[in-house]
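Structure record follows, encoded as structure tokens.
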Amino acid sequence: MKSEPTEYSIADLKADRVTCWDGVRNYQARNFMRDAMQINDGVFFYHSVVEPIGIVGEAKVVKCGYPDYTGWDRKDKHYDPKTSPANPIWSMVDVAFVRACGEVITLSRLRTIPALEKMEILRRGSRLSVSPVTEEEYKTILTLREW
DNA sequence: GCCAACGTTGGC
DNA sequence: GCCAACGTTGGC
């Protein structure tokens, strides 16, 4: 799960302990949250845009896909007039903090790992803010450092 | 700050 | 239903 740390960082998640992953307004990313993510699924928290870019921690799913109610909140920055309580379009999950990396696992390092070659987030032009990680990729990333 | 890649919109 | 125009994302 990708986030710009100026918006929401791993430190924020650590402080909050649990957060709802609201504001995703992309259908593919929504589908992963709505249809695929299950309770206790592991999640890597990725900081984008701000240096150093990369994986900064681990979280887990504690609540499965449910309507993102910020979509029909006119005051919310992710307000979307197309959605409503009667017609919920967007979904979110809740994730809980698990642990932070002592040091960021940088994007440039991830790109050097052959086992991660096909990972969605490393695909050229990938812009999905929520993307799948295979079990093998997950285990590989866990070996990259002390957690 | 640039720009490639991608998703969305809307005219036809 | 096509596709040009536009807006956004995000690495560099």
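All chains are named by letter (A, B, ...) in the order of the sequence lines, taking the proteins before the strands, and each is independently numbered beginning at 1. Scope of the values below: all heavy atoms of this structure, side chains included, with no hydrogens, waters or symmetry mates.
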Open item on the list: With a 4.0 Å limit, can you tell me whether Tyr46(A) has a side-chain N or O closer than that to the phosphate oxygens OP1/OP2 of dG11(C)?
Closed with: yes
TODO: For the pair Arg109(A) (side chain) and Gly54(A) (backbone), establish whether a donor and an acceptor sit closer than 3.5 Å, ignoring hydrogens and angles.
DONE: no
Open item on the list: Can you measure Tyr27(A) atom OH to dT8(C) atom C1' for me and round it to whole angstrom units?
Closed with: 16 Å
Task: Heavy-atom side-chain contact between Leu122(A) and Arg111(A) under 4.5 Å - done: yes
Open item on the list: dT8(B), OP1 or OP2 - any side-chain N/O from Lys82(A) closer than 4.0 Å?
Closed with: no
Task: Passing candidate, side-chain contact (heavy atoms from CB on, under 4.5 Å) with Phe44(A), options Val56(A), Leu142(A), Ile105(A) - done: Leu142(A)
TODO: Could you state the atom-to-atom distance from CG of Leu107(A) to C1' of dG10(C) in whole Å?
DONE: 10 Å
TODO: Measure the distance from CZ on Arg123(A) to C1' on dA4(B) and round it to the nearest whole Å.
DONE: 14 Å
Task: Residue Arg127(A), side-chain heavy atoms: nucleotide from dG11(C), dG10(C), dT8(C) that is nearest - done: dT8(C)
Task: Nearest-angstrom distance from the residue atom NE2 of His47(A) to P of dG10(C) - done: 13 Å
- [ ] Specify the separation, in whole Å, of atom CD of Gln28(A) and atom P of dT8(C).
- [x] 19 Å
TODO: Evaluate the ring planes of Tyr69(A) and Tyr66(A), with Trp represented by its six-membered ring, and classify them as parallel (under 30°), tilted (30 to 60°) or perpendicular (over 60°).
DONE: tilted
Task: Spacing between Ile89(A) atom CD1 and dT8(B) atom C1', to the nearest angstrom - done: 13 Å
TODO: Quickly work out the Asp80(A) CG to dG7(C) P distance and round it to whole Å.
DONE: 17 Å
Task: Interatomic distance where CD belongs to Glu120(A) and P belongs to dG11(C) [whole Å] - done: 13 Å
